[in-house]
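A short worksheet on the structure shown next.
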Number of protein chains: 2
Amino acid sequence: MADVLDPRPDVRRRRKAERPQEILDAAFHEFSRNGYATTTLERIAERAGVTKGTIYVYFDSKEHLFISMVREFTKAARDTVQQMFESHDGSTADLLRAQFAFIYQHLVEDRRRREVLRMLIAEAPRFPELADRYHQEILRPCLDMLRQAIRRGVDRGEIRASAIVDSPQVVIAPIALVDLWLMLFDERQPLDVKAYFDAHLELVLNGLLAK
Amino acid sequence: MADVLDPRPDVRRRRKAERPQEILDAAFHEFSRNGYATTTLERIAERAGVTKGTIYVYFDSKEHLFISMVREFTKAARDTVQQMFESHDGSTADLLRAQFAFIYQHLVEDRRRREVLRMLIAEAPRFPELADRYHQEILRPCLDMLRQAIRRGVDRGEIRASAIVDSPQVVIAPIALVDLWLMLFDERQPLDVKAYFDAHLELVLNGLLAK
DNA sequence: AGTTATTGACTGACCGGATAGTAAATAATA
DNA sequence: TATTATTTACTATCCGGTCAGTCAATAACT
């Protein structure tokens, strides 16, 4: 008789526990390479090392699999954003510098996040709720944090009061352009991200800081 | 046998001359609403007021129709960009103000251009040459013009020399964000474009101009 | 322990519907 | 009647989704 507390690895159960993630990973690769409609479940199954039937054990439909996959990979980016809130204090200029450096390092260089973004854009007319989720979990927190930082800077007299306080999007817009650029051109039209980062920082600091 | 030089208006030929454009228009609407793979030639034909067979008289394949459609609608945006070059002279600040106003009015508010952009992003892995064409005909001319304007401003002493001169993308990046925002959220997450435009202009002018 | 029964993750053949592409027939025009 | 733009009917293929069946792992039993 088996001990109730026996933690011995149960092959069958472990398989079942890992399958969904394996399928989601495979789905991410195939969907991001070929788009929603073009991707076949057969190919996803092949990549995951199972057959199509198995996918239906864990997911109701192709649509449900896609939604689950996007949610899964949005979650990863959200965790990265949450890390950002643990940033250091100091002058507003230093704070912005540090956070922008973080953003460029973790968000811009994260191809996975960008591929999710591509799918969201492509499928936004069909799956608007996924885009809204991205707004709620990634974009809005970033913008709220930024707005807060700018307001505090204004209160401290470090930042000049301006229309920018109410449109913090303009401050991080250059990051959106990098995403757009890389989604469209990948490496074919090179973008010197290092120089671009410096220019971004300079524009924002010159544009915001009180003289 | 028809007279070779006969210039008489031939109804049949006029029809034939207009069909391709009618089909391209219909293709744009259907492709932009449903994406490449999901759109059926039957629906495009229906919208164009013909049947599927007719499409094959003018276009080799679905793929060729898609490529032709994107080229056609990129051309329209390119014409708009070329208009921009006829801008007035004056102080660099005035020039930027005028050109940004033009961009927001003609590019941001042009849903068609944005739908093309969505398709380019969605299909970039499959049709990279279309994205490159967009770069060549739309993006690069804008950036060249901007770089030129900034350089001239620096020469005149109106603009401070900075890293921004070599990364003019950061200056128009807020426009890219509007595109991204509207592609993702349409009207669901509202963006006050008027206020945003003011903030953009303020950031850029404060960021660039010599004090 | 050895044998048998049961479970359940997984398979793979199959179905129905959809659709890109073709080509013969037809309608419109001159 | 001759030409040609267009339609109609058709084929071949692909793919999402289903389901009866398989087999290895486990539990029950002697």
Side-chain angles (χ1 to χ4, degrees), chain A residues 1-27 29-31 33-69 123 126-127, chain B residues 1-27 29-31 33-69 123 126-127:
Chain A
M1 187 176 71
D3 185 346
V4 178
L5 297 176
D6 187 353
R8 97 197 106 116
D10 176 337
V11 176
R12 217 157 46 178
R13 298 235 170 121
R14 201 177 69 233
R15 244 21 237 143
K16 175 166 187 179
E18 289 171 3
R19 276 281 180 253
Q21 187 60 52
E22 292 169 4
I23 293 170
L24 289 171
D25 284 345
H29 281 102
E30 293 302 324
F31 279 135
R33 185 171 307 273
N34 301 119
Y36 176 76
T38 313
T39 298
T40 68
L41 293 176
E42 207 93 52
R43 278 200 60 78
I44 293 174
E46 190 187 2
R47 177 182 273 266
V50 296
T51 58
K52 196 171 51 168
T54 304
I55 293 179
Y56 281 91
V57 173
Y58 299 101
F59 301 95
D60 294 343
S61 64
K62 185 184 183 183
E63 192 170 309
H64 181 243
L65 172 61
F66 179 73
I67 291 171
S68 301
M69 180 275 293
E123 306 299 338
R126 209 190 324 194
F127 301 106
Chain B
M1 188 176 70
D3 186 348
V4 179
L5 297 175
D6 188 357
R8 93 202 109 119
D10 180 337
V11 175
R12 212 165 39 189
R13 294 215 178 142
R14 204 180 65 235
R15 215 67 206 113
K16 179 169 185 179
E18 289 171 1
R19 277 278 183 255
Q21 187 61 54
E22 292 168 4
I23 293 169
L24 289 172
D25 284 346
H29 281 103
E30 293 301 325
F31 278 136
R33 187 170 306 274
N34 302 118
Y36 177 76
T38 311
T39 297
T40 69
L41 292 176
E42 206 94 52
R43 279 198 61 76
I44 293 173
E46 189 187 3
R47 178 180 272 266
V50 295
T51 58
K52 193 173 53 167
T54 304
I55 292 179
Y56 281 90
V57 174
Y58 300 100
F59 302 95
D60 294 344
S61 64
K62 184 182 183 182
E63 191 169 311
H64 181 243
L65 172 60
F66 179 74
I67 291 170
S68 301
M69 180 277 292
E123 306 298 337
R126 211 193 322 196
F127 302 105

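The structure presented is a predicted model; accordingly, all values stated were derived computationally and were not measured. Naming convention: chains lettered A, B, ... in sequence-line order (proteins, then strands); numbering from 1 in each chain.
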Atom-to-atom span, CD of B:Glu18 to P of D:dT6 - whole angstrom | 11 Å

Find the distance A:Lys62:NZ to D:dC14:C1' and express it as a whole number of Å.
-> 11 Å

Does B:Arg19 put a side-chain nitrogen or oxygen below 4.0 Å from OP1 or OP2 of D:dA5?
-> no

Between P of D:dG17 and CG of A:Asp60, the distance in whole Å | 10 Å

Do other residues, nucleotides or ligands put more than 12 heavy atoms under 6.0 Å from the CZ atom of B:Arg47?
-> yes

All side-chain contact (heavy atoms from CB on, under 4.5 Å) counterparts of A:Arg33, not counting sequence neighbours = none

Base, sugar-phosphate, or nothing for B:Thr39, non-hydrogen atoms under 4.0 angstrom?
-> sugar-phosphate

Not counting sequence neighbours, which residues clear side-chain contact (heavy atoms from CB on, under 4.5 Å) with B:Glu63? List them please.
-> B:Tyr36, B:Ser61, B:Ile67, B:Phe127

Look at all strands and tell whether B:Thr54 reaches a base, only sugar-phosphate, or nothing, counting heavy atoms closer than 4.0 Å.
-> base

Is a donor on one side and an acceptor on the other found under 3.5 Å between the side chain of A:Lys62 and the backbone of A:Thr39?
-> yes

Neighbours of DNA chain D within residues 41-52 of chain A, by heavy-atom distance under 4.0 Å = A:Leu41, A:Lys52

Take atom OH of A:Tyr56 and atom P of D:dA20, then tell me their distance rounded to the nearest Å.
-> 17 Å

